[in-house]
Amino acid sequence: FNHEFQAYKFENECFTLKFKNDIVKSDYAVLIYAMGADTKDFVFYDEMKLSKVRGQVTHLKPFLDTPFPLSSKAYICPIKDDLQVIGASYDRLNASLESKEEDDKQNIENIAEFIDKNTKLEIIGSKVGFRSYSSDRFMIVGNAYDEVFYKEEYKALLWTKNKEQKLAKISCNLYFNFAHGSRGFSTSVLAARYLCALINNEPLYLEKKYIHAIHPARFLIRKLKKGL
Ligand SMILES: Cc1cc2nc3c(=O)[nH]c(=O)nc-3n(C[C@H](O)[C@H](O)[C@H](O)COP(=O)(O)OP(=O)(O)OC[C@H]3O[C@@H](n4cnc5c(N)ncnc54)[C@H](O)[C@@H]3O)c2cc1C
């Protein structure tokens with residue numbers, strides 16, 4: 001909607017969304033949190049530790065005609081119009097939105113192995129972004145869960161993990177799709193298909209044996225299994 005989301009209310013099986021500047025939109029059956037690194041400011045579960053990692057790409061005047069991206073220590077994208085993108089830096093300790101000269105320098109040093117050392121490179125810009133990470137580096141995709149219910153019903157998981165369990169109840173149609181880290185261009189496709197299937201109650205697209213690895217409640221379940 002081109003608005004900044006702030007909060008939601010779930011009433012009568014529908015979401016009402018509140019955006020910045022007092023904009024309100026209502027009557028949505030499903031809500032998916034997909035705010036990348038900023039999701040960290042909206043999701044607060046005890047065991048789900050989210051982090052953001054700054055990255056900077058450098059925009060260069062076209063210097064290498066490649067039909068596909070080249071990737072090693074760094075990457076070089078194919079030319080687009082009058083621009084060629086290389087990247088990317090990785091910095092957990094800096095949250096600045098401003099571009100840094102040393103990051104551009106580092107990006108250029110990191111592509112040295114791909115190019116002739118006499119290639120003339122001209123920087124025409126750079127862009128900073130933030131990657132969203134979970135604590136086990138896998139994406140977080142699936143239904144939001146009721147932490148209180150899990151802690152109560154599964155508190156003896158250490159002793160009962162091979163016995164039949166009470167099924168987790170789904171509190172509302174709130175879904176998650178974030179923590180794609182540095183791999184979002186591939187994992188987002190998988191996540192989108194899985195979420196569509198989940199929402200429409202269709203075969204899940206993803207093999208069941210992999211679902212635990214992306215399930216939003218996995219961090220809590222791991223702890224409960226250890227009896228902590
Ligand atoms: C420098 C850099 C280089 C990268 N290189 C690669 C690469 O080579 N290959 C690869 O696979 N991945 C790469 N990634 C990672 C990739 O960009 C991410 O994994 C991917 O963009 C995640 O997609 P997303 O939709 O989850 O989040 P995002 O692309 O971050 O999109 C989230 C969107 O939500 C919006 N938003 C946030 N908060 C709100 C709010 N309150 N209200 C409304 N909208 C909101 C944001 O403005 C943004 O548009 C790179 C990341 C960075 C930073």
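Just so you know, ligand 1 is whichever comes first in the structure, and atom 1 is the first atom listed for that ligand. Keep in mind that the numbers below use all heavy atoms, side chains included, and drop hydrogens, waters and symmetry copies.
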Q) Is the NZ or CZ atom of R218 both under 6.0 Å from the centre of the six-membered ring of F138 and within 45° of that ring's axis? A) no

Q.
If the cut-off is 4.0 Å to any non-hydrogen atom of R131, which atoms of ligand 1 fall inside it?
A. 1 (C), 2 (C), 3 (C), 51 (C), 52 (C), 53 (C)

Q.
Heavy-atom distances under 4.0 Å decide this one: backbone, side chain, both or neither, for F19 against ligand 1?
A. neither

Q: Report yes if some N/O of A37 lies less than 3.5 Å from some N/O of ligand 1; otherwise report no.
A: no

Q: Can you sort out which atoms of ligand 1 are near H180, meaning under 4.0 Å from one of its heavy atoms?
A: 19 (O), 26 (O)

(Q) For atom 45 (C) of ligand 1, what's the nearest protein heavy-atom neighbour? Residue, atom name and distance, please. (A) M35 CG, 4.0 Å

Q) Under 4.0 Å from ligand 1, counting heavy atoms only, is it the side chain of R183, its backbone, both or neither? A) backbone

Q) Between D136 and R222, is there a salt bridge with N-O shorter than 4.0 Å? A) yes

Q) Hey, do the aromatic rings of Y28 and Y8 have their centres closer than 6.0 Å? A) no

Q) More than 12 non-hydrogen atoms from neighbouring residues, nucleotides or ligands closer than 6.0 Å to CD on E202, yes or no? A) yes

Q) Got C172 and F15 here, is their nearest side-chain heavy-atom distance under 4.5 Å? A) yes

Q | E47 side, atom CD; Y45 side, atom OH - distance, nearest 0.5 Å | A | 12.5 Å

Q) Can you tell me the protein heavy atom closest to atom 46 (C) of ligand 1 and the distance? A) D38 OD2, 4.7 Å

(Q) Which residue and atom name correspond to the protein heavy atom nearest atom 13 (C) of ligand 1, and how close is it? (A) S182 O, 3.6 Å

Q: Any atoms of ligand 1 less than 4.0 Å from a non-hydrogen atom of E4? List them with their elements.
A: 41 (N), 42 (N)

Q. Nearest to atom 18 (C) of ligand 1, what protein heavy atom do you find, and at what distance?
A. G181 O, 3.8 Å

Q) Can we call the ring centroids of F176 and F178 under 6.0 Å apart? A) yes

Q) Is there a side-chain contact between L70 and L64, using heavy atoms and a 4.5 Å cut-off? A) yes

Q.
I'd like to know if atom 40 (C) of ligand 1 has any protein heavy atom within a distance of less than 4.0 Å.
A. yes

Q. Is atom 34 (O) of ligand 1 less than 4.0 angstrom from some protein heavy atom?
A. yes

Q) Any idea which atoms of ligand 1 are less than 4.0 Å away from a heavy-atom of H3? A) 42 (N), 43 (C)

Q: Looking only at protein heavy atoms, identify the closest one to atom 16 (C) of ligand 1 and say how far it is in Å.
A: F185 CE2, 3.9 Å

Q.
Under 3.5 Å between any N/O of V53 and any N/O of ligand 1: does that happen in this structure?
A. no

Q) Rounded to the nearest 0.5 Å, how far does OH of Y33 lie from CG of N177? A) 14.0 Å

**Q.** Shortest protein contact, atom 20 (C) of ligand 1 (heavy atom only)
**A.** G184 CA, 4.1 Å

(Q) Below 4.0 Å from ligand 1: does a non-hydrogen atom of F178 turn up there or not? (A) no

Q.
Yes or no, since that's all I need: does a protein heavy atom fall within a distance strictly under 4.0 Å of atom 49 (O) of ligand 1?
A. no

Q: Could you tell me which atoms of ligand 1, counted from 1 in the order shown, lie closer than 4.0 angstrom to a heavy atom of G129?
A: 53 (C)

Q. With no hydrogens and no angle check, is any side-chain donor or acceptor of N107 less than 3.5 Å from a backbone partner on Q56?
A. yes

Q.
Salt bridge check, K61 against E122: does any charged N sit closer than 4.0 Å to a carboxylate O?
A. no

Q. Do protein heavy atoms approach atom 27 (O) of ligand 1 to less than 4.0 Å?
A. yes

Q: Record the part of A88 in heavy-atom contact with ligand 1 below 4.0 Å; permitted values are side chain, backbone, both and neither.
A: side chain

(Q) Distance under 4.0 Å to a non-hydrogen atom of G55: what atoms of ligand 1 satisfy this? (A) 1 (C)

**Q.** Gap separating the CD atom of Q84 from the CG atom of D65, nearest 0.5 angstrom
**A.** 8.0 Å

Q: Of the side chain and backbone of Q56, name the one, both, or neither that has a heavy atom under 4.0 Å from an atom of ligand 1.
A: backbone

Q: Kindly confirm or rule out an N or O of F5 lying under 3.5 angstrom from an N or O of ligand 1.
A: yes

Q: Show the numbers, then the answer: is there a ring pair (Phe, Tyr, Trp, His ring centres under 6.0 Å) between F42 and F5?
A: CA-CA 10 Å; F42 292 90; F5 171 78; 5.5 Å; yes

Q: For atom 30 (O) of ligand 1, find the nearest protein heavy atom and state the residue, atom name and distance (0.1 Å precision).
A: G36 CA, 3.8 Å

**Q.** Side chain, backbone, both or neither: F42 near ligand 1, heavy atoms under 4.0 Å
**A.** side chain

**Q.** For ligand 1, the portion of A34 having any non-hydrogen atom under 4.0 Å away
**A.** backbone

Q) Can you find an N/O atom of Y75 closer than 3.5 Å to an N/O atom of ligand 1? A) yes

Q: Can you see which heavy atom on S182 is nearest to which on Y90, and at what distance?
A: OG-CE1, 4.3 Å

Q. Tell me, do F19 and N21 make a side-chain contact under 4.5 Å, heavy atoms counted?
A. no

Q) What's the spacing between L206 CG and I214 CD1 if we round to 0.5 Å? A) 5.0 Å

